[in-house]
Amino acid sequence: VLIQVLPFEESRRSRARFPLQTQQVADWVARGNMVVQLTRGPTDLMTHFKIAPTTQPAAKEIESIEDAEASGELPEKVPGTVYVARLDVPLGDDEALAALRDKRLTLRSPMELVEQKQSAFHALARLPTEHGAVVAAEFRVGQGTLVLVGAPTPALNGTLGDEANLDFLLAIIGSRPVIFDEWSHGVGHEATVMGFIHDVGLL
């Protein structure tokens, strides 16, 4: 399982220097692996698989929220609206997922996803609104799965313990080995301690 917390503005500005190997990642997923992307904006992998958001926060709003999140600001001081989404997990034999039924996920100013009428798509969380906008979903890709969550909120230190955020991530991961993409914590950035450690080969 590859877990990616992808700040929208950072990933967009940095693609020229650190190009995302979209086709290679897509092939890796299709071979039976899972990618979990937590982001408020469309990613290259979403574009590759023709997955579109219906709405997303304005770029200026995203920037102010993610600057506060990246600086470790207390959750109550981070701008944006926190939504409590209803988990809509698939019915099946997975006990960890089954235990999430009727539980909730918190997302700050999330991106909403277009609901698709195909067997490869399944909504995982919806806003408690009249039209039940999808804010987390899974997409079957060959033998693997792409999971999209419309905001990084469930994986952030300050909000990991809210509602069923941690339970949701653990249920999605299961017992498989996990790779964390620490882009949001400085790996790959210039002028940071982690960036230096990475550049000199000590990571």
Side-chain angles (χ1 to χ4, degrees), residues 2-12 15 20 22 25-26 29 34-70 75 78-91 97 100-141 145-156 158-160 162-169 171-172 181 183-184:
L2 170 63
I3 297 181
Q4 297 181 305
V5 176
L6 297 172
F8 178 57
E9 289 298 316
E10 287 287 355
S11 60
R12 185 173 64 177
R15 281 174 189 167
L20 299 179
T22 308
V25 175
V29 174
M34 175 184 285
V35 170
V36 180
Q37 293 189 327
L38 299 101
T39 180
R40 293 185 177 93
T43 67
D44 287 348
L45 209 53
M46 287 175 64
T47 302
H48 179 81
F49 290 123
K50 298 179 174 56
I51 301 167
T54 57
T55 62
Q56 65 188 54
K60 189 172 183 180
E61 181 186 3
I62 291 176
E63 189 169 1
S64 63
I65 292 171
E66 293 185 345
D67 283 349
E69 289 173 339
V78 177
T81 305
V82 175
Y83 293 89
V84 180
R86 174 178 47 85
L87 284 167
D88 185 17
V89 297
L91 298 173
L97 282 175
L100 293 178
R101 287 176 200 139
D102 302 322
K103 292 194 176 182
R104 305 185 307 175
L105 199 64
T106 59
L107 299 165
R108 187 181 303 277
S109 299
M111 164 182 69
E112 298 174 11
L113 298 165
V114 174
E115 186 160 7
Q116 299 183 13
K117 304 295 184 187
Q118 53 174 297
S119 59
F121 169 91
H122 193 283
L124 294 175
R126 298 175 181 274
L127 294 180
T129 57
E130 185 178 342
H131 65 286
V134 176
V135 288
E138 67 175 9
F139 301 82
R140 298 295 303 174
V141 179
T145 308
L146 170 63
V147 174
L148 296 171
V149 181
T153 319
L156 299 179
T159 45
L160 186 65
D162 290 356
E163 295 287 345
N165 288 356
L166 177 59
D167 294 334
F168 170 77
L169 291 174
I172 293 297
D181 181 341
W183 182 266
S184 64

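Values below: every heavy atom of this structure, side chains too, minus hydrogens, waters and symmetry copies. Just so you know, residue 1 is the first one in the sequence shown, and it goes up from there.
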Discussion item. For the backbone of A155 and the side chain of T159, can you confirm whether one donor and one acceptor N or O come within less than 3.5 Å of each other?
Written reply: no
Fill in: side chain to side chain contact (heavy atoms under 4.5 Å, CB included) between I172 and M34, intermediate numbers included
CA-CA 9 Å; I172 293 297; M34 175 184 285; 3.5 Å; yes
Worksheet entry | Counterpart residues, salt bridge (charged side-chain N to carboxylate O under 4.0 Å, His left out), relative to R126 (two or more places apart) | D88, E115
Fill in: Donor-acceptor contact below 3.5 Å, side chain T145 vs main chain R140
no
Worksheet item: Could you give the distance from CG (L38) to CD1 (I3), rounded to the nearest 0.5 Å?
Response: 7.5 Å
Item to complete: Not counting sequence neighbours, which residues clear ring-ring contact (aromatic ring centres under 6.0 Å, His included) with Y83? List them please.
Response: none
Worksheet entry | Heavy-atom side-chain proximity of Q4 to T39 below 4.5 angstrom | no
Worksheet, complete the sentence: Interatomic distance, CD@E138 vs NE2@H122, rounded to 0.5 Å, equals 7.0 Å
Worksheet, complete the sentence: Residues A164 and L87: closest non-hydrogen pair is CB-CD1, 4.1 Å
Discussion item. What I'd like to find out is whether the side chain of V134 reaches to under 4.5 Å of the side chain of F121, using heavy atoms alone.
Written reply: yes
Worksheet item: Taking all atoms of both residues into account, what is the closest heavy-atom pair of A85 and A125, and its distance?
Response: CB-CB, 4.1 Å
Practice prompt. Return the set of residues passing side-chain contact (heavy atoms from CB on, under 4.5 Å) with V78 (not counting sequence neighbours), or none when no residue passes.
Written response: I65, A68, E69, E73, R108
Practice prompt. Can you measure from CG (L6) to CG (L45) and round to the nearest 0.5 angstrom?
Written response: 9.5 Å
Response to the item:
When every non-hydrogen atom of A26 is compared with those of V141, the smallest separation belongs to O-CG1, 4.4 Å
Discussion item. Within this structure, what is the OG1-CZ distance for the pair T153 and R40, rounded to the nearest 0.5 Å?
Written reply: 5.0 Å
Item to complete: Test V147 against every option in V35, L169, L124 by the side chain to side chain contact (heavy atoms under 4.5 Å, CB included) rule and name the one that passes.
Response: L124
Worksheet item: Hey, what do you get for CG (L100) to CG (L105), rounding to the nearest 0.5 Å?
Response: 9.0 Å
Discussion item. Looking at every non-hydrogen atom in both residues, tell me the closest pair between M46 and P53 and how far apart they are.
Written reply: CE-CD, 4.1 Å
Worksheet entry | Spacing of NZ belonging to K103 relative to CG belonging to N165, to within rounding of 0.5 Å | 11.5 Å
Fill in: CZ (R104) with more than 12 external heavy atoms under 6.0 Å
no
Worksheet item: Does the pair L146 and I51 meet the rule for a side chain to side chain contact (heavy atoms under 4.5 Å, CB included), with working shown?
Response: CA-CA 11 Å; L146 170 63; I51 301 167; 3.9 Å; yes
